[in-house]
Amino acid sequence: MWLRFRQTRLADAPVSAEGEVPYLADVSQLSRRGLTFAPLVRKTYVELPQPSLANNVSDLQRLEQALGRTVPGPFQMGLAVTRRLPHLLRKADWKVTAVTGCRGPLTEIIDVETGDTSRRNMCIAADIGTTTVVCHLVDLRDGQTLGQAAKYNSQAAFGADVIHRIIHASRSGEGEAALRHAVVGDLNELIHQLLTKYRLGAQDITLLTAAGNTTMIHLLLGLPAENIRKEPYIGATYMLPPFRAAEIGLQINTRGLLYCLPCVAGFVGGDIAAGIAATGMTHGKSIRMLIDIGTNGEIAVGNEEFLVCASASAGPAFEGAECRSGMRATRGAIDHIRLLDADRVLSYSTIGSAGPVGLCGTGYVDLIAEMLRVGLIDKTGRLREGAGPRVRLGEDGMLEYVAVPAAQAGDGRDVAISQGDINNILRAKGAIYAAATVLLNALNLKFSDLSKILVAGAFGNFLNLENAIFIGLLPEVPSDRLSFVGNTSLAGAKLAALSRRFHDDIFRIAAGATYFELSTAPTFMEQFTSACFFPHTNVELFPSVMAELSCGRET
Amino acid sequence: MTMPDVSEKWTGKINTLTLGATSASGGTRTGAVTIGGASTLPFLSFEGEVGNRPAIAVDVLDGPPEGWPAPLVKAYGDAFSSPAKWAKKAVGFGADLICLRLANAHPDGGNRSPQQCADTVKEVLGAVGVPLIVWGCGIDAKDNQIMPAVSSAARGENLLLGSAREKNYRTLVALGLADGHKLMAESPCDVNIAKQVNILCTDAGYPLENMVIFPTTGALGYGIEYVYSIQERGRLAGLGGDRLLAQPVLADVGAEAWRSKEARDPQFACVTDQTRPLWGVAWEAATATFLLQAGVELLVMRHPDAIAQVRAAIGRLMPAAK
């Protein structure tokens, strides 16, 4: 029976906000892992004793002494703040709020504010994806997430993948600036949205933690990225100290700090390092795999003893970009769909229960699985002309299948999937499956040796894992070994902001990870061709899918 | 000390497949050809069943060939004037089957109509009693027009229809099912795609046991070692129990070998006017015998001397009549 339908809900998932997965980034995750709540940037209100002949330490020393009772030192303070300090302390009658941030072993007194401003201390946790940029606004007093905003990365105008963007950036100084301004502009736009919505000022944001792939971080910081593209794929730096966010034009507190999470290699970035830390897969003896489905599909396998990462270019299709009716997982996106037969849609759901205007990644996974089940496409993904009344020739000359006709759509336009979309998804899932296979083969492991396969990605609320197996995006393993963990890159960025130890853990993870280069693995192309088939050329790897498909064919 | 037995035991077996139908089975052929059946690697009779002898089909075109090299023109003489004469000549050269190529249906060639193609097939069926392989012109849209006419004109004759490909298989599958023909599944030197085409055809309802794999052939000196390893991998998988790769394999030797520079116009210092015509024959025979080792059940060839040499080689490798 193909009518089975199972949604995989995240463990302990609170009611989700529109278009995003709540996941692991809950502050309660910290205590569960024995980590204390200790944000990277803190605000501490102190009342300093008045100076006297008997207590004649310097102004800075006075502040440090008071601060030292709750904030670990040693302290450092920049010249600009030190210059302002004497006047400010006296004007504030020695009642001030110190903003402190971690800089390696030192604590920087970033700023000193008059009076008690400690209740306005916010952070932006950002996942800077090749295709999608997501920001969460987090209250650093208690770690609660106030809100979130997301948009497509404007760098897409310079190319859908990192390679094209690197080429553009390395061509000229203007090219580099254009890409930097694009992503900084995106972040500022999202920050501005959040500030307006929550009635906060830019000065209230003292911290921005950013997780992104190596190229995204290079382009954000204006680091030369051209060597990432060329063998042997070397980035300028993978371990980044905190910078002043204003230095790259981010519109938060002018003294606020930007922490970029560390990368592993040219094509394994801080997003995967953050994800590995967020999922806790380096704890314990059992071997787990993390599959981060993004524009670059990144795979990590490991336990407390070892960690190996690989990356394969998958394209932006799972994030809905560059597709006929593709969209981000936001209001009006079809995130789940079932077909009754080639002619009829049984049901679908949209994010925010709004009128359907497009398809997001989880919607594509469902739709393609269903099209396969009802025979609209064959195992190469080819749409059949005349397969049903909803299959027609699109404006671009490609066959397409209309999932929701214009009359029922939210914006009066057909929601359709084109042959090109299906091909893109086929290649994307092929690349991810092949990468996972080659990496496991290199480790002399099989999918069945993994105690858990964690599937991450920012492409929808809930991934129907059964359908993800059905199209061969994920291997067929017992269902209790698969979990969808949402946007782990963002989760890692957020937890890093809230826990200094977690932040340091990510650096340890990045430093200890082994990078496995797939582009030189002789078997990758072979595995890729093999995986570019629904569900796989080696159908015997997917026994339940084969059983289901042959049951469905009763004619 | 006794030597350990190192012979391999395989779980799979290559399908047995019969081409052509005699009057007893509803056709008009005077004999049928059965291929396949090996349960071990080619010619390793000490390990298991080596199956039926590889069969040799001989190329016949639907019109006089253009640019064929002198040794072939000399061998066939005026038989090129009609497909029927050509086919008879080929049978005289020892062809087990005729491989009829409807090349002149090509839109840029003769652009012959479906009816003309069907007539050619009937003409050849009438002229010879051996089974037929019928190949379209290679242009999907045109093949989808001519093959229905060809197939129904030869209904019951148990042809081998060529070729179903990843992007165009539904028409041939439907014809094979409707008119009782066998199906050739073509893939571009890729064992994954070979398997995919087989899956697609079976998904469309075509029985796996009626299929022949055509993994694309390359001549000696033109990537033959790659072709060999692709064929060998497919064969190892098939013998290893992968039913989707356990079909007999076809190699298009004649067309590929005679395209090579060494066959058409050898430039080596040792070549004399006397030996020049032998190069093509040797090239074709060498390509065929080489690929036989990787597992080929059906060879498509051209020159009578090459055919004779390969036949003799098969005889030496499989001495006892099966």
Side-chain angles (χ1 to χ4, degrees), chain A residues 342 371-387 391 398-399 419-420 422-423 426-427 429-431 433-434 437-438 470-472 522-543 545-555, chain B residues 11-12 140-141 144-145 163-174 177-178 183 185-208 211 213 215-216 225-227 229-234 236-247:
Chain A
M371 288 170 79
L372 204 51
R373 286 185 176 109
V374 303
L376 278 164
I377 53 175
D378 66 18
K379 291 194 177 98
T380 62
R382 200 159 285 114
L383 262 170
R384 210 146 44 89
E385 203 163 358
V391 178
M398 267 191 288
L399 282 179
Q419 184 63 63
I422 301 169
N423 297 348
L426 177 65
R427 280 193 294 268
K429 80 97 189 166
Y433 190 92
T437 306
V438 173
F470 200 84
I471 67 167
T523 55
F524 182 73
M525 268 320 287
E526 166 73 27
Q527 289 291 344
F528 177 64
T529 326
S530 197
C532 279
F533 199 65
F534 292 124
H536 197 279
T537 306
N538 295 327
V539 282
E540 56 278 7
L541 297 171
F542 292 82
V545 178
M546 293 325 292
E548 195 176 334
L549 276 182
S550 53
C551 288
R553 201 179 57 222
E554 277 162 11
T555 45
Chain B
T11 53
D140 289 345
N144 289 345
Q145 290 171 15
S163 58
R165 290 190 298 259
E166 203 190 0
K167 293 193 168 84
N168 191 39
Y169 60 90
R170 290 185 188 275
T171 305
L172 283 189
V173 162
L177 287 172
L183 194 58
E186 180 178 347
S187 49
C189 273
D190 186 315
V191 73
N192 281 308
I193 296 176
K195 188 168 169 183
Q196 290 174 9
V197 181
N198 290 351
I199 295 172
L200 292 170
C201 292
T202 48
D203 278 358
Y206 197 83
L208 204 48
M211 296 174 70
I213 294 176
T216 308
E225 48 290 63
Y226 189 68
V227 169
S229 69
I230 295 288
Q231 274 181 215
E232 185 181 53
R233 278 181 57 200
L236 291 173
L239 290 173
D242 189 341
R243 283 186 56 249
L244 289 159
L245 286 168
Q247 290 72 41

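Other residues, nucleotides and ligands place no more than 12 heavy atoms under 6.0 Å from the CZ atom of B/Arg243.
With A/Phe533 as reference, B/Leu200 is the one residue of B/Leu200, B/Asn192, B/Ile193 to meet the side chain to side chain contact (heavy atoms under 4.5 Å, CB included) rule.
The OG1 atom of A/Thr537 sits 10.0 Å away from atom CG of B/Leu244, with the distance rounded to the nearest 0.5 Å. Between the CZ atom in B/Arg170 and the CD atom in A/Glu385 there is a gap of 12.0 Å [rounded to 0.5 Å]. Atom CZ of A/Arg382 is separated from atom CG of B/Asn168 by 9.0 Å, given to the nearest 0.5 angstrom.
B/Asn198 does not touch chain A: none of its heavy atoms, backbone or side chain, sits under 4.5 Å away.
Annotation for B/Lys195 and A/Val539: closest pair NZ-N, 4.2 Å, computed over non-hydrogen atoms.
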B/Lys167 and A/Thr380: CA distance, side-chain angles, deciding distance, side-chain contact (heavy atoms from CB on, under 4.5 Å) verdict: CA-CA 9 Å; B/Lys167 293 193 168 84; A/Thr380 62; over 6 Å; no

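In this structure, the side chains of B/Asp242 and A/Glu540 come closer than 4.5 Å at one or more pairs of heavy atoms.
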